[in-house]
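Just so it is clear, the structure is predicted and the values come from calculations on it, not from any experiment.
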Amino acid sequence: MRAFYSGQFVLPLPPGHRFPMSRYALLRDRLLEQLPAVDMDQAPRATDGELALVHTSQWIAAISDGSVSPQAMREIGFPWSEAMVERSRRSTGATIAACRAAFSGGVSANMAGGTHHAYADKGSGFCVFNDAAVAARLMQAEHGRMGQQLKVAVIDLDVHQGNGTASIFRDDPSVFTLSMHGQKNFPFRKEASDLDVELPDGCGDADYLCALEHALDELDRRFSPGLVIYLAGADPFERDRLGRLKLSFDGLEARDRRVFDWAWQRRLPLAFAMAGGYASDIAETVQVQVGTFKVAFEYWRRWQNAAR
């Protein structure tokens, strides 16, 4: 199974910043130790042309040359730096590469990504460019050149609503956006996804998994994708600082298994990204993410066995 990383491009953050930059290197170390069969490749750099499938030329230029306003950077939550620009491009490129790899291998991963708060013309909530949106549009363009129409389902199970993704695809019937998130959590002004499932604070394993089952059934009734992009946020975890839900390690594994099984039953290629995770003990966030990779690897092996 192929996974694409951009963890060597580290944002220079001030002391005490709440974004857990160290989790990307920790995830890579844990995967090398526990899942050495995962083939890890450096993420490619998303080009201006690829980003322009989703983002305005003004936003791409302002981020790239540093002319972006201080107010816009405050909304993102990072200070501007060349390293931030490079990492944002690489993180987007990783989801592009993961989608391409999923078409040949069934399942593939971006070891970062899930930057679903980025809009076409601005960033927000630690998100600069919207990797899932860019990848979806590029995969559609590449299939279109072969005379094929590709429909994409974005299954967003980060604890925060994918407001940027919902906005970008609001009038696009070829992309279905499903967001299952905390009702009272960030962003406090929600956008309209194709399917929004809002969960109360304190929602635990049983209620969450029941809601997910209903959401996937609804997606199945309304849409027939040819590709799934899955945002496997670790922040529904019960000890996440920003999550406000109460999912256990076992509950999150069951969540992942249900999504991968849903795609496998329909033989849909699936690319996944890590999205959010902010546990006080960062090792617990990484443990959730390693669990996602273990489930993904199991389903990747199913694809390989079926191809023989």
Hey, are the side chains of [X] and [Y] touching, using non-hydrogen atoms and a 4.5 Å cut-off?
{"X": "V159", "Y": "H181", "value": "no"}
{"X": "L157", "Y": "D256", "value": "no"}
{"X": "K151", "Y": "L227", "value": "no"}
{"X": "V85", "Y": "E82", "value": "no"}
{"X": "W262", "Y": "F260", "value": "no"}
{"X": "I155", "Y": "V228", "value": "yes"}
{"X": "M1", "Y": "D39", "value": "no"}
{"X": "W59", "Y": "V68", "value": "yes"}

Shortest non-hydrogen contact from [X] toward [Y]:
{"X": "W264", "Y": "A306", "answer": "CH2-CB, 3.9 Å"}
{"X": "C203", "Y": "L247", "answer": "O-CD1, 3.7 Å"}
{"X": "I96", "Y": "E50", "answer": "CD1-OE1, 3.8 Å"}
{"X": "R23", "Y": "G276", "answer": "NH2-CA, 3.9 Å"}
{"X": "L199", "Y": "A211", "answer": "CD2-CB, 4.0 Å"}
{"X": "A132", "Y": "L231", "answer": "CB-CD1, 4.2 Å"}

Output the distance between atom [atom1] ([X]) and atom [atom2] ([Y]), rounded to the nearest 0.5 Å.
{"X": "Q148", "Y": "Q140", "atom1": "CD", "atom2": "CD", "value": "12.5 Å"}
{"X": "M40", "Y": "L32", "atom1": "CE", "atom2": "CG", "value": "3.5 Å"}
{"X": "E86", "Y": "R45", "atom1": "CD", "atom2": "CZ", "value": "4.5 Å"}
{"X": "S179", "Y": "H160", "atom1": "OG", "atom2": "NE2", "value": "10.5 Å"}
{"X": "L178", "Y": "D196", "atom1": "CG", "atom2": "CG", "value": "8.0 Å"}
{"X": "Q289", "Y": "T285", "atom1": "CD", "atom2": "OG1", "value": "6.5 Å"}

Evaluate the criterion side chain to side chain contact (heavy atoms under 4.5 Å, CB included) for residue pair R89 and V128; output intermediate values, then yes/no.
CA-CA 9 Å; R89 286 182 179 268; V128 178; over 6 Å; no

### Task
Verify the cluster assignment for W303 and F4: are they in a single hydrophobic cluster under the rule of side-chain heavy atoms below 4.5 Å apart?
no

May I ask whether L245 and V259 are part of the same hydrophobic cluster, defined by side-chain heavy atoms of I, L, V, M, F, W, Y residues being less than 4.5 angstrom apart, directly or through others?
yes

### Message
Classify the ring geometry of F223 against F176: parallel below 30°, tilted from 30° to 60°, perpendicular beyond 60°.
### Response
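Rings of F223 and F176: tilted, as their planes differ by 30° to 60°.
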
Do the side chains of [X] and [Y] get close enough for a salt bridge, i.e. N-O under 4.0 angstrom?
{"X": "D172", "Y": "R137", "answer": "yes"}
{"X": "R266", "Y": "D220", "answer": "yes"}
{"X": "E298", "Y": "R302", "answer": "yes"}
{"X": "R244", "Y": "D201", "answer": "yes"}
{"X": "E198", "Y": "K190", "answer": "no"}

Result for side chain to side chain donor-acceptor pair (under 3.5 Å) between N130 and one of T165, T92, T115, T95 points to T165

Neighbour count >12 (heavy atoms, 6.0 Å) for atom [atom1], [X]:
{"X": "Q71", "atom1": "CD", "result": "no"}
{"X": "R189", "atom1": "CZ", "result": "no"}
{"X": "R301", "atom1": "CZ", "result": "no"}

Side-chain donor or acceptor of [X] paired with backbone N/O of [Y] under 3.5 Å:
{"X": "S108", "Y": "R2", "result": "yes"}
{"X": "R90", "Y": "A43", "result": "yes"}
{"X": "D158", "Y": "A275", "result": "no"}
{"X": "W80", "Y": "I63", "result": "yes"}
{"X": "N110", "Y": "S91", "result": "yes"}
{"X": "R258", "Y": "R255", "result": "no"}
{"X": "S104", "Y": "A101", "result": "yes"}
{"X": "N163", "Y": "P187", "result": "no"}

Have [X] and [Y] got a donor and an acceptor in their side chains that come within less than 3.5 Å?
{"X": "S6", "Y": "Q42", "result": "no"}
{"X": "Q58", "Y": "D121", "result": "no"}
{"X": "Y5", "Y": "D41", "result": "no"}
{"X": "T177", "Y": "D194", "result": "yes"}

Are [X] and [Y], when compared by the centres of their aromatic rings, separated by less than 6.0 Å?
{"X": "Y119", "Y": "H55", "result": "no"}
{"X": "H143", "Y": "F103", "result": "yes"}
{"X": "Y278", "Y": "F237", "result": "no"}

* To do: Please test V290 against Q34 for side chain to side chain contact (heavy atoms under 4.5 Å, CB included), starting from the C-alpha separation and ending with a verdict.
  => CA-CA 8 Å; V290 171; Q34 297 187 29; 3.7 Å; yes

What's the verdict on side chain to side chain contact (heavy atoms under 4.5 Å, CB included) for Y24 and M111, showing C-alpha distance, side-chain angles and the deciding distance? CA-CA 7 Å; Y24 300 109; M111 293 168 62; over 6 Å; no

(message) Run E218 and H214 through side chain to side chain contact (heavy atoms under 4.5 Å, CB included) and show every step you take.
(response) CA-CA 6 Å; E218 179 74 8; H214 287 302; over 6 Å; no

Within 45 degrees of the axis of the six-membered ring of F297 and under 6.0 Å from its centre: does K294 put its NZ or CZ there?
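The answer is no, since K294 fails at least one limit relative to F297.
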
